[in-house]
Amino acid sequence: MKRREVISVIGGAAAWPLAAGAQQGERMRRIGLLLVSGSEPLGPFREALADIGYVEGKNIQIEVRSAQGQDTRVLELAAELVRSRVDVIIAVQTPAAHAAKNATRDIPIIVMAGDPIATGLITNLARPGGNITGLSATAAEAAAKSLELIAEIKPGARRVGVLGNADEVREIIVRGSDELNGAFATIARERADAVVIQGSLPVKPTVDLALKYQLPSLSTQKSAVQAGILMSYSASFAERARVIANYVDEILKGAKPADLPVQQPTRYELAINLKTAKALGLDVPPTLLARADEVIE
């Protein structure tokens, strides 16, 4: 159920006329899409590409590679895309971005990940250098907002567990999917009132374990709420898709990633799963529901 529909443009990027895409007679361009968990909705990205003239099967081919939550496979899949000689790689989430960076210094890489400077992907947002550009997901800021939301949905909450991927945080919490059960057990044993889950972790196991341990769960990925996580506060995927699509267009026309600034999102969305709230015995305040961009009932 959509509560608000807002269209925004960042960094001056806008939808270009349909004719701006590949012209008749040009070769099919190949876009590699590298995912950690495969949970990101691809529809908005395909729509954003179509808006500027790139239609799958007509003038572009999208090669999707997903590790399905198995972090050890990301490097292998990145190398596979490089061997297939795609024209550009889009890497979603930090582990995928690092895998792509390690796999090639030649193929342009567009990242959609956490803080790219703090995680060592680049050294400068305005001029990233090398073969990388993209969009910062600013996951740290979204996680901070999640802490505020916990207090609204569960007044009196004092202890919050943070479940992260070892490839993304210095404090190693989870190295793989097989450690999730133990991590949740530890969080519950330490009497956490809620848990914030990093978006690169596999969705279904985290949903199941959060319900098993009766922990209100928050994610930095809206798609996780659609799968059963309680709430998310995250950058608009539709907005990010438009930025990434425009960068794909610029790079296919000859622009160098080093000269394209890494942008930051301007629109954030709040999503709430009422079915999960009911399973946890939580009453979502009407004021919080009124602010939600999407409520899943």
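Note that the structure is predicted; figures quoted are calculated from it, not measured.
Among pairs with a residue in residues 54-65, those fulfilling salt bridge (Lys or Arg N to Asp or Glu O under 4.0 Å) read R30-E63, R46-E56, E63-R65, R65-E80, at least two apart in sequence or across chains. Sorted by first and then second residue, the salt bridge (Lys or Arg N to Asp or Glu O under 4.0 Å) pairs involving residues 185-196 (not counting sequence neighbours) form an empty list. Among residues at least two apart or in separate chains, side chain to side chain donor-acceptor pair (under 3.5 Å) pairs with a member in residues 275-288 are N273-T276. Listed by first then second residue, pairs satisfying salt bridge (Lys or Arg N to Asp or Glu O under 4.0 Å) with a partner in residues 224-238 number zero, not counting sequence neighbours. Listed by first then second residue, pairs satisfying salt bridge (Lys or Arg N to Asp or Glu O under 4.0 Å) with a partner in residues 205-220 read K204-D208, not counting sequence neighbours.
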Derivation of the side chain to side chain contact (heavy atoms under 4.5 Å, CB included) call for I90 and I31: CA-CA 7 Å; I90 299 168; I31 301 170; 3.7 Å; yes
Criterion side chain to side chain contact (heavy atoms under 4.5 Å, CB included) on F184 and I197, from CA distance to verdict: CA-CA 11 Å; F184 267 95; I197 300 168; 4.1 Å; yes
Test side chain to side chain contact (heavy atoms under 4.5 Å, CB included) applied to I296 and Q226, step by step: CA-CA 7 Å; I296 298 170; Q226 295 164 342; 3.7 Å; yes
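A donor-acceptor pair under 3.5 Å is absent between the side-chain atoms of R127 and the main chain of A258, judged by distance alone. Q214 places a side-chain N or O within donor-acceptor distance of the main-chain N or O of L211, the cut-off being under 3.5 Å. For the pair T94 (side chain) and G114 (backbone), a donor-acceptor distance under 3.5 Å is present. At distances below 3.5 Å, not a single donor-acceptor pair connects side-chain atoms of K145 with backbone N or O atoms of S234. The closest donor-acceptor contact from the side chain of D293 to the backbone of A271 lies at 3.5 Å or more, if one exists at all. Using a distance-only test at 3.5 Å, with no hydrogens or angles considered, a donor-acceptor pair links the side chain of S217 to the main chain of L230.
Among residues two or more places apart in sequence or in another chain, the side-chain contact (heavy atoms from CB on, under 4.5 Å) test is passed with V284 by I153, I272, L274, A277, L288, L289. For L75, the side-chain contact (heavy atoms from CB on, under 4.5 Å) partners are A99, N102, not counting sequence neighbours. Taking the side chain to side chain donor-acceptor pair (under 3.5 Å) definition, one finds that T104 meets it with nothing, sequence neighbours left out. When the side chain to side chain donor-acceptor pair (under 3.5 Å) test is applied to N124, no partner is found at least two apart in sequence or on another chain. With sequence neighbours excluded, the residues that form a side chain to side chain donor-acceptor pair (under 3.5 Å) with D87 are R27. Shown here are the side chain to side chain donor-acceptor pair (under 3.5 Å) partners of E152, two or more places apart in sequence or in another chain: R291. Evaluation of the side-chain contact (heavy atoms from CB on, under 4.5 Å) rule for P116 yields L121, I122, L125, S136, V262 as partners, not counting sequence neighbours.
Atom CG of residue D259 and atom CD of residue E250 lie 10.5 Å apart, to the nearest 0.5 angstrom. Remark: T72 OG1 to E76 CD distance equals 8.0 Å, nearest 0.5 Å. How far CG of N246 is from CG of D51: 9.5 Å, rounded to the nearest 0.5 Å. The distance from the CD atom of E148 to the OH atom of Y233 is 8.5 Å, given to the nearest 0.5 Å. Between atom CD1 of residue I89 and atom CD1 of residue I107 there is a gap of 4.5 Å, rounded to the nearest 0.5 Å.
Under the side chain to side chain contact (heavy atoms under 4.5 Å, CB included) rule, L49 has a single partner from I62, V55, D249, which is I62.
Salt bridge annotation for R242-E239: absent, with no cationic side-chain nitrogen under 4.0 angstrom from a carboxylate oxygen.
Residues M231 and I229 are members of one and the same hydrophobic cluster, defined by side-chain heavy-atom contacts under 4.5 angstrom among Ile, Leu, Val, Met, Phe, Trp and Tyr. The hydrophobic clustering, which links ILVMFWY residues whose side-chain heavy atoms are closer than 4.5 Å, places L201 and V195 together. Linking Ile, Leu, Val, Met, Phe, Trp and Tyr residues whenever their side-chain heavy atoms come within less than 4.5 Å leaves I132 and V92 in two separate clusters. Both Y268 and V196 are part of a single hydrophobic cluster, where members link through side-chain heavy atoms under 4.5 Å apart. Note on V36: it does not cluster hydrophobically with I109, by side-chain heavy-atom contacts below 4.5 Å among ILVMFWY residues.
Annotation for Q221 and S232: closest pair O-CB, 3.6 Å, computed over non-hydrogen atoms. Of all heavy-atom pairs between F237 and E269, the closest is N-OE1, 4.3 Å. Of all non-hydrogen atoms in P44 and A238, the two that sit nearest each other are CB-CA, 4.2 Å. Contact record, P205 with P202: CD-O, 3.7 Å, taken as the closest heavy-atom pair. Annotation for P95 and V74: closest pair O-CG1, 3.8 Å, computed over non-hydrogen atoms. Shortest non-hydrogen contact noted between P261 and P128 is CA-CD, 4.2 Å.
Between Y54 and N59, the side chains place no donor N or O within less than 3.5 Å of an acceptor N or O (distance only, hydrogens not considered). A donor-acceptor contact closer than 3.5 angstrom links the side chains of S66 and Q68. Q263 and Y247 share a side-chain donor-acceptor pair at under 3.5 Å.
Side-chain contact between Y213 and I187: absent, with no pair of heavy atoms (C-beta onward) separated by less than 4.5 Å. With a 4.5 Å cut-off on side-chain heavy atoms, L270 and L149 count as touching. At least one side-chain heavy atom of I251 sits under 4.5 Å from a side-chain heavy atom of P257.
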